[in-house]
Each structure stands twice: as C-alpha cells, then as structure tokens.
Protein chains: 4
Amino acid sequence: MPKVSQTHRDNRKRQILDAAIECFARQGFQRTGMEDIIRESNLSTGAIYSYFQSKDQIIEVLADERHDREKHLVQDALTAEGWPECLHLLISRFCDSLQESRERKERRLGIHLWAEALCNPKVLRIIRRGVNQPLELLSRAIGKAQGDGHLRKEIDSNTAARVLIALFHGFVLQQAWDEHADVAAFTKAVQAMVDAYFSAVSKGRPVKIRELRSR
Amino acid sequence: MPKVSQTHRDNRKRQILDAAIECFARQGFQRTGMEDIIRESNLSTGAIYSYFQSKDQIIEVLADERHDREKHLVQDALTAEGWPECLHLLISRFCDSLQESRERKERRLGIHLWAEALCNPKVLRIIRRGVNQPLELLSRAIGKAQGDGHLRKEIDSNTAARVLIALFHGFVLQQAWDEHADVAAFTKAVQAMVDAYFSAVSKGRPVKIRELRSR
Amino acid sequence: MPKVSQTHRDNRKRQILDAAIECFARQGFQRTGMEDIIRESNLSTGAIYSYFQSKDQIIEVLADERHDREKHLVQDALTAEGWPECLHLLISRFCDSLQESRERKERRLGIHLWAEALCNPKVLRIIRRGVNQPLELLSRAIGKAQGDGHLRKEIDSNTAARVLIALFHGFVLQQAWDEHADVAAFTKAVQAMVDAYFSAVSKGRPVKIRELRSR
Amino acid sequence: MPKVSQTHRDNRKRQILDAAIECFARQGFQRTGMEDIIRESNLSTGAIYSYFQSKDQIIEVLADERHDREKHLVQDALTAEGWPECLHLLISRFCDSLQESRERKERRLGIHLWAEALCNPKVLRIIRRGVNQPLELLSRAIGKAQGDGHLRKEIDSNTAARVLIALFHGFVLQQAWDEHADVAAFTKAVQAMVDAYFSAVSKGRPVKIRELRSR
DNA sequence: AATGAATGAGGCTTCATTCAT
DNA sequence: TATGAATGAAGCCTCATTCAT
C-alpha cells in the first residue's frame with residue numbers, strides 16, 4: 001500500500017493527541033484507557049500504536065506541547081515595549097486564556113501532568129523545562145527592567161519570576177476545582193499586587209519587613 | 001488476638017496511613033499497588049482491609065487529613081494579634097513547613113490529590129473543603145483588618161485570600177519539581193510582595209489599575 | 001477455666017447450626033461467609049471453630065441432619081397400618097411439612113445440598129444415604145403390600161419408590177422457586193395419581209402401554 | 001487479527017460456554033475459577049472477557065440456554081398428534097435425553113442452576129421462565145386433551161403439568177447422584193403411572209381423595 | 001474457654017500492547 | 001497500512017482459618 005503523506009500522518013497524530021487531551025483532561029491518566037482514546041479519536045488500536053509507541057509516550061508528547069505553549073505565552077507577552085506593559089500583558093494574556101474552554105481543558109490536563117511529573121522521570125524533565133524556560137525568560141526581562149531603571153534593584157529577579165509563576169499555577173488549580181472562580185477579580189488583584197510590589201518605594205529604599213510590622 | 005484497645009487500633013491505622021503516604025508521595029496513586037502499602041506497613045493484606053474498605057478510602061482519608069492540617073495551619077497563624085503579624089506568621093509558618101522532610105513528603109501527596117480531585121468526585125469535595133475553609137478564615141481575617149483600619153478597603157478580601165493561597169500552592173509545585181528551590185528567598189519575596197500590596201499607597205490613594213495600564 | 005457441660009456444648013452447637021441453616025438457606029453456601037454465621041449465631045469466630053473444624057464440616061453436619069429428618073419422616077409414615085393408609089400418610093406428612101416455614105427454610109438448604117453433593121464427595125455420600133434409606137424403607141413397604149395382596153405385583157417396588165421420591169423432590173424445587181405454589185392441589189393430585197397407579201386394573205392384568213395408546 | 005466473521009465470534013462463544021458447562025457441571029459455580037474455564041477453553045483471560053462481561057453473565061447465559069432447550073423439548077414432544085401419544089413422546093424424549101452423556105452433563109449444570117436460583121435473582125428469573133413456559137405448554141396440551149374428550153375433566157391441567165415436571169426434575173436429581181439409576185425402569189414406571197392417572201376410572205367416576213383416605 | 005485481630009492464598013477482572021490477517 | 005481480536009501480567013479485594021492473649 002502506498003505510503004501516506006506526511007501531512008496525513010500529522011493530521012492523524014493531531015487527531016490522536018486531541019482525543020487524548022479530551023480524555024486525560026476529563027478523567028486523568030489512570031482512568032483513561034487506550035480504548036477511550038481510540039473511541040474518541042475514531043481510529044483503531046493498531047492505528048494509534050503506529051503513531052505512538054505507548055500511552056506514556058502520548059503523555060510525554062502532550063507534556064511537551066503544553067510546555068511549548070507556556071513558553072510561547074511568556075515569550076509573546078515579553079515582546080511588548082517598556083516595563084510595566086510587559087508584565088501587564090503577561091498577566092492579562094495568562095488570565096484571559098483561563099476564560100477559553102479549550103485552554104481550560106488543557107490546564108486540567110496540565111495539572112495531571114504536574115502530578116505525573118512527581119513519579120515519572122521523563123515527564124518531570126519536560127515539566128522542569130516547561131517551568132524553567134518561562135522562568136528564565138521572565139527573570140531576564142525583570143533583570144532588564146531593573147537595568148533600565150524601571151524597577152527596584154533589591155528585588156531578586158529570579159525569585160520574583162518564581163512568585164509570578166506560582167501565582168499563575170496556584171490560580172489554575174483553584175479554577176480547576178471551582179470553574180466559577182472569578183478570573184477577572186483575580187486578574188485585577190494580581191495586577192495590583194504585582195504593581196505594588198515592583199513599584200513600592202521606588203523613590204528610595206525598599207520597605208523593610210520590620211517597619212511594616214511596627215506601623 | 002483478643003479485643004485490642006482503641007489506641008492500638010489507632011496506631012495500626014496510622015501505620016497504614018503512613019505507609020500509604022510514603023508510597024503515594026513517592027509513586028502516585030496509580031503506581032502504588034496495595035501490595036506496596038502492605039509491604040511498607042509491615043502488615044498483611046487482610047489487616048489493611050480490616051481498617052480501610054478500599055484503596056480509594058485510604059486516599060480519601062489522607063485527603064481529609066491534609067485538609068485538616070491545612071486548616072489548622074491557617075487557624076493557628078491567625079491567632080496572632082494585630083494585622084501584619086497574622087499575615088507574616090502565616091507566611092512563615094507555611095514556608096517553614098516546606099523545609100521539613102515529613103511535610104514535603106505530604107505536600108507531594110497533596111499534589112497527587114489535587115490531580116485526583118479532577119476526576120474523583122469524593123476527593124474533589126474534600127479538596128474543596130480543604131481550600132474553602134482556609135480561604136474563608138483568611139478572608140475573614142483580612143476583612144477584620146480592614147474594619148480595624150489596618151488595611152485598604154479597596155481590596156476584596158476574598159480575592160486577596162485567593163491570591164495568597166495561590167502563591168502557596170504554586171510554590172509547593174515548584175518545590176516538588178525542584179527540591180532545591182530556594183524557600184527562604186521565596187518567603188522573603190512573598191512577605192515583601194504581600195506587604196507592598198496590602199499597604200500600597202497607604203500615604204495617599206491606592207494605585208488604580210487603569211493608571212498602571214496606561215502608564 | 002471450668003470445662004463446660006455437655007448440654008452447654010450441645011446448645012452452642014445447635015445455636016451455630018441454626019444460624020448456619022438460616023444463612024445457607026437464604027444465601028447458599030458460597031455467598032454465606034463464616035462471618036455471617038458468626039453474626040447470626042451471636043458467637044465469636046473462635047467459638048465457632050471450637051465446635052466445628054471448618055465451614056465444610058458444618059455443611060456436612062447439616063446434610064446429616066436433613067438426611068435423618070427425611071428418614072424419620074418416611075419411617076414415621078410407614079408405621080401406619082394397612083397399605084393405602086401408609087402411602088397417604090406419607091404423602092400428607094410430606095406435603096404438610098412444606099407448609100411450615102421452618103421446614104421450607106430447611107428445604108431450601110436441602111436444595112443447596114443437592115447441588116453441593118455433585119461436587120463434594122462427602123456430601124454426596126451423605127445425600128446418597130439420605131435418599132437410599134428412605135428409598136429402601138419405601139421399597140420394602142411396597143413389597144410388603146404386594147406380598148399382602150394389596151398391590152399389583154407387576155410394579156417394581158424399587159422403581160415405584162424412586163418415582164415417589166422424585167415427585168417429592170421435584171415439588172420441593174417448584175416451591176422453592178415460587179413460594180405460592182399450590183401445595184394442596186399438588187398433594188391432591190399426587191394422592192390421586194399414586195392411587196390410580198397402585199390400584200389400576202387391580203382386578204386383572206395391568207394396563208399395557210400399547211392398549212392405552214390405541215384406545 | 002482483523003475483523004472476524006459473526007460465525008467466528010459465535011464459535012468462540014460456544015467454545016467458552018462449552019468449557020464453562022464442562023467445568024460447572026463437574027465442580028459447580030463456586031469451585032470453578034475463571035482460570036478453569038480459561039484452561040478448558042484454550043483461550044486467554046482477555047478473550048473470555050471480550051465475549052462475556054463476567055463469570056455471572058456466563059452463568060446467566062447458560063441458564064438461558066438450558067431454559068430454551070427445556071422449552072423446545074416440551075414443544076417438540078407436543079407436536080405429536082393425539083393425546084396419549086403426546087404424553088408418551090414427552091416422557092420418552094425426556095428420559096432418552098438422560099441417557100446421552102452430553103445431556104447428563106448439562107443436567108448436572110442444571111441442578112447447580114436450581115440451587116443458584118435460590119440466591120441469585122437474575123438466575124431465579126430465568127429458571128422461573130424455564131419452568132413456567134414448559135408448564136404452560138403442557139398445561140394447555142392437557143386442557144386441550146380434556147376438551148377433546150381424551151381426558152378426565154376432574155384433573156386440574158395446571159397441577160397435572162406440575163406433577164409431570166416434578167417427576168422429571170426429581171429423577172434428574174436421582175440420576176445425578178447415582179449415574180447407574182435405571183432410566184428405563186423409571187421411564188416405564190412413569191409412563192404407567194401417568195397413564196393410570198389420566199385414564200383412571202374412565203369406566204365410571206374418578207376416585208375421590210376422601211374415599212381413598214377413609215378406605 | 002473464649003475472643004477477634006491477623007493472615008495470605010486465591011478469586012475475578014482490567015488494560016496496555018501485540019500481531020495475524 | 002490498517003484492523004481489532006487476542007494476550008496475560010498485574011491489580012484489587014475476599015474470606016476461611018489461625019492463634020496470641
């Protein structure tokens with residue numbers, strides 16, 4: 001039989017991956033059988049296995065995809081000019097994405113990947129890249145803003161980046177557990193908090209914890 | 001053996017739960033077989049099943065325990081007097097806990113529970129309680145601080161609480177993926193950010209989002 | 001501790017056997033766990049095992065009991081004087097017993113024993129005795145009636161006994177499957193049939209099948 | 001393997017059912033493990049479960065099959081013309097079947113089903129149908145014979161049918177417990193008894209039970 | 001004697017993967 | 001290439017029985 005075109009193969013692969021996303025997002029890895037993916041993708045067992053070596057490999061590919069997406073989201077946001085703009089763009093880009101149904105589905109899948117990473121070395125490696133690359137991008141951007149004098153120097157850019165990512169991830173969880181979580185309110189609060197943090201006492205020295213305490 | 005004391009039963013239960021925590025934290029729910037828990041607990045199959053009805057029930061009990069712990073952590077912190085103290089205590093309590101090995105293990109388990117909640121209604125219910133109760137406690141504390149004039153009124157107490165929780169959860173993830181994540185730096189940054197947020201523009205009016213955006 | 005009296009032991013044994021009858025009749029052997037018998041008997045695991053060596057042994061003892069009862073039922077009926085009286089007494093004794101709730105329960109148990117006998121040599125031996133002894137008693141009684149001139153000689157006493165027993169067993173099944181089966185009607189029909197059979201053409205030669213066919 | 005024909009599927013199903021009959025007839029339901037059926041059928045665990053959902057379902061299907069066979073046996077016999085012919089055909093058909101090894105095996109299985117019915121609602125329903133349908137067929141046939149003047153009207157057709165079925169079932173038991181039970185003798189006796197019953201006192205009035213009792 | 005906690009072999013079933021067609 | 005029937009290891013759990021107290 002004739003070899004099928006690469007495009008055809010790609011389409012099939014997508015078909016499988018989309019089916020897998022659907023199933024995994026809904027039921028997690030354990031509860032999703034290959035049979036579910038097969039049914040959802042309208043393909044046959046054999047077909048699936050001619051595109052992916054195993055269920056685990058599908059998971060790994062999906063992890064890779066998510067990581068790519070995350071990186072691009074950060075990358076895109078950081079193309080904006082000027083400091084606070086970058087940050088605001090990032091926050092809104094991120095938060096906006098939580099409103100789209102497709103993205104929400106993938107975020108659920110993402111959570112399963114976060115847990116999977118804890119006991120699957122391959123996935124852990126992918127997740128680490130998926131967190132570290134955005135982290136570095138962000139960290140570098142913050143560093144640059146500091147260099148440009150838009151930001152207090154006392155802030156450790158790396159840690160600041162971590163905090164931002166933590167905020168995002170943390171909210172992804174809350175939204176997954178309660179789909180009515182108020183994204184807009186959260187967005188606003190994060191914007192405010194981050195602004196306050198980055199701009200606090202920009203005129204002189206940073207606020208010291210002790211001072212705050214005794215106020 | 002004849003009737004044993006309640007203490008004995010409790011000890012056995014703990015033995016099983018601890019074994020389960022060990023296994024689940026290390027390998028997740030799927031990869032942990034009852035056999036693993038049996039081996040780790042030094043008990044027999046039957047013994048386990050005379051204390052718990054099923055693997056799922058063990059998971060649920062562990063979820064309940066985590067939720068309780070989380071609530072108590074928040075409750076304890078909020079017993080401090082005065083506003084910023086409460087908050088700082090909470091942050092340090094939380095971050096300190098991430099340094100203890102036992103707690104780290106349980107946090108890993110916690111992440112597995114977060115994912116499990118997405119496709120296990122019972123666990124979801126438990127997790128929701130486990131998030132909502134601390135959220136309310138925190139929210140109420142913030143509200144009280146606002147009432148006492150220690151905090152800007154523009155902040156929505158509920159959302160602020162959400163943001164804090166998100167920060168914590170988000171960092172738990174980072175630490176799980178990279179056990180060398182710098183807890184101290186994170187702690188400091190969170191303290192600073194939160195202080196900045198809650199006290200921002202205390203000298204005049206709060207920064208408005210619109211202003212920030214258009215800057 | 002003091003050795004308990006034989007009476008006490010007997011009572012305990014009965015307690016266990018009654019509990020077992022209850023459970024086995026209701027749920028069969030497989031579905032009845034030792035735990036069920038323990039609960040129903042209000043004794044402890046250990047107690048049960050100090051009176052019986054195993055679940056199988058309980059079954060065997062119960063089989064023995066049933067067999068005894070069955071034998072006595074036949075024996076008692078055959079004490080009547082004169083031929084048809086014996087038979088009628090037997091039939092009514094048997095059918096009457098099907099009206100009592102206790103007996104019905106034991107009959108259900110009996111059915112389980114019938115099946116058990118097919119794959120449990122010990123029970124098979126007991127059941128065989130339980131069928132053969134009544135069979136012989138009956139057969140001998142029929143033979144005697146023939147000798148006394150009350151019955152046609154052409155009838156094979158052994159087979160006739162078999163037929164009677166088959167009628168009884170067969171109806172026990174029907175009643176077990178449908179507790180509203182009409183015992184009275186069945187009794188009457190059996191009486192009539194048996195009478196017809198035993199007395200048919202008592203004046204001369206037996207009816208030949210061929211004749212019946214061509215009539 | 002690619003899609004296989006329906007015939008192939010049917011053959012496989014039969015293969016499994018035959019293996020199950022073999023095992024169940026020999027050892028009963030409890031003592032037969034899926035492993036036994038798997039070995040006996042020369043298939044794999046998975047194969048079995050792709051044809052049947054559970055061990056219980058196999059039992060139910062077998063119960064259905066038996067019920068069908070039983071019904072057909074009666075139906076076929078009742079196609080004969082004329083009254084006593086029908087009956088004699090039925091009796092010989094039934095008794096002949098007890099001579100075939102295959103049928104004897106299935107009869108053993110049948111006994112296990114009779115017991116199973118007592119504590120398995122699904123099987124009970126099937127067994128009831130399996131008894132009631134032949135019962136009705138027979139009852140109707142007897143009624144018709146009465147209408148045609150071939151039979152005494154005093155007989156309750158329904159009860160008479162019950163008696164016949166009871167005779168058959170009862171003998172199935174005896175044969176299962178003692179494979180040397182004399183089928184031919186039993187057959188003859190049943191034929192005679194039934195003939196005597198149905199034609200008794202055809203010369204005058206039927207014998208009344210009361211008379212028999214008081215004789 | 002009595003208790004009931006503990007044991008662990010064995011039961012039923014699932015499901016990722018293979019491979020004949 | 002594509003199909004889906006077949007495989008069988010491994011999983012969760014039950015339950016008759018034992019034995020320390």
Side-chain angles (χ1 to χ4, degrees), chain A residues 1-4 8-9 12 29-39 43-58, chain B residues 1-5 8-9 12 29-38 42-58, chain C residues 1-5 8-9 12 29-39 43-58, chain D residues 1-5 8-9 12 29-38 41-58:
Chain A
M1 291 174 202
K3 200 159 201 165
V4 295
H8 181 257
R9 283 191 65 82
R12 280 261 183 283
F29 300 128
Q30 141 119 41
R31 286 169 174 75
T32 296
M34 287 305 274
E35 209 195 313
D36 296 305
I37 299 177
I38 289 157
R39 201 183 312 113
L43 289 172
S44 66
T45 318
I48 304 263
Y49 277 90
S50 79
Y51 289 99
F52 296 95
Q53 284 163 26
S54 66
K55 187 179 175 182
D56 275 357
Q57 205 204 17
I58 296 180
Chain B
M1 293 172 200
K3 201 162 205 155
V4 296
S5 65
H8 179 259
R9 282 192 65 80
R12 279 260 182 285
F29 300 127
Q30 138 125 59
R31 286 169 171 78
T32 296
M34 285 309 277
E35 209 195 316
D36 297 305
I37 298 177
I38 289 157
N42 289 315
L43 288 172
S44 64
T45 321
I48 304 269
Y49 280 91
S50 83
Y51 288 98
F52 297 96
Q53 285 164 25
S54 65
K55 187 180 174 181
D56 274 359
Q57 206 207 10
I58 296 181
Chain C
M1 291 176 202
K3 201 158 197 164
V4 295
S5 71
H8 181 256
R9 282 191 65 82
R12 280 258 183 283
F29 300 128
Q30 141 116 38
R31 287 168 172 77
T32 296
M34 286 307 273
E35 210 195 313
D36 297 304
I37 299 177
I38 289 157
R39 200 184 311 112
L43 289 172
S44 66
T45 318
I48 304 264
Y49 277 90
S50 79
Y51 290 99
F52 297 96
Q53 284 163 28
S54 65
K55 187 179 175 181
D56 274 358
Q57 205 204 16
I58 295 180
Chain D
M1 293 172 200
K3 200 160 205 154
V4 296
S5 66
H8 179 260
R9 283 193 65 81
R12 278 259 183 284
F29 300 128
Q30 138 125 54
R31 287 169 170 78
T32 297
M34 285 308 277
E35 209 193 318
D36 297 305
I37 299 178
I38 288 156
S41 67
N42 289 314
L43 288 172
S44 64
T45 321
I48 305 269
Y49 279 90
S50 84
Y51 288 98
F52 297 96
Q53 285 163 27
S54 65
K55 186 180 174 180
D56 274 358
Q57 206 207 10
I58 295 180

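Numbered from 1 within each chain, the chains take letters A, B, ... in sequence-line order.
In this entry the distance linking CG of A/L43 with P of F/dT1 reads 15 Å, nearest Å. Rounded to whole angstrom, the span from the CD1 atom of A/I58 across to the P atom of E/dA16 amounts to 10 Å. When the P atom of E/dT18 is taken as reference, atom CD1 of A/I48 falls 14 Å away, rounded to whole Å. Taking atom CZ of C/R39 as the reference point, atom P of E/dG4 lies 14 Å away to the nearest angstrom.
In this structure, B/F29 and A/Q30 have side chains that are not in contact, with every pair of non-hydrogen atoms separated by 4.5 Å or more. A heavy-atom distance below 4.5 Å is not found between the side chains of C/L43 and C/I38.
At distances below 3.5 Å, not a single donor-acceptor pair connects side-chain atoms of C/K55 with backbone N or O atoms of C/G33.
Taken from CD1 in D/I37 to CG in D/N42, the straight-line distance is 13.5 Å, to the nearest 0.5 Å.
B/E35 meets the side chain to side chain contact (heavy atoms under 4.5 Å, CB included) test with B/R39; sequence neighbours excluded. Partners of A/R31 according to the side chain to side chain contact (heavy atoms under 4.5 Å, CB included) rule, which considers only residues two or more places apart in sequence or in another chain, are A/Q27, B/E116, B/C119, B/N120. In this structure C/Y49 satisfies the side chain to side chain contact (heavy atoms under 4.5 Å, CB included) test together with C/M34, C/T45, sequence neighbours excluded. In this view, C/S54 and C/D56, C/Q57 satisfy the side chain to side chain contact (heavy atoms under 4.5 Å, CB included) rule, not counting sequence neighbours.
Each of A/S50 and D/S50 lies near DNA chain F, and the nucleotide nearest A/S50 is the one positioned closer to the 5' end.
Taking side-chain N and O atoms only, B/H8 has a distance below 4.0 Å to OP1 or OP2 of E/dA6. Side-chain nitrogen and oxygen atoms of A/R12 include none within less than 4.0 Å of the OP1 or OP2 phosphate oxygen of F/dT1. Close to E/dA1, at under 4.0 Å from its OP1 or OP2, lies no side-chain N or O of C/Y51.
The strand DNA chain F forms stems, runs of 3 or more Watson-Crick or G-U wobble pairs with distances below 3.5 Å, at E:2-21 with F:2-21.
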Notebook entry, point to check: How does each nucleotide of nucleotides 10-17 of chain F score, in 5' to 3' order, for protein heavy atoms under 4.0 Å: base (B), sugar-phosphate only (S), or none (-)?
Noted result: --SBBBSB
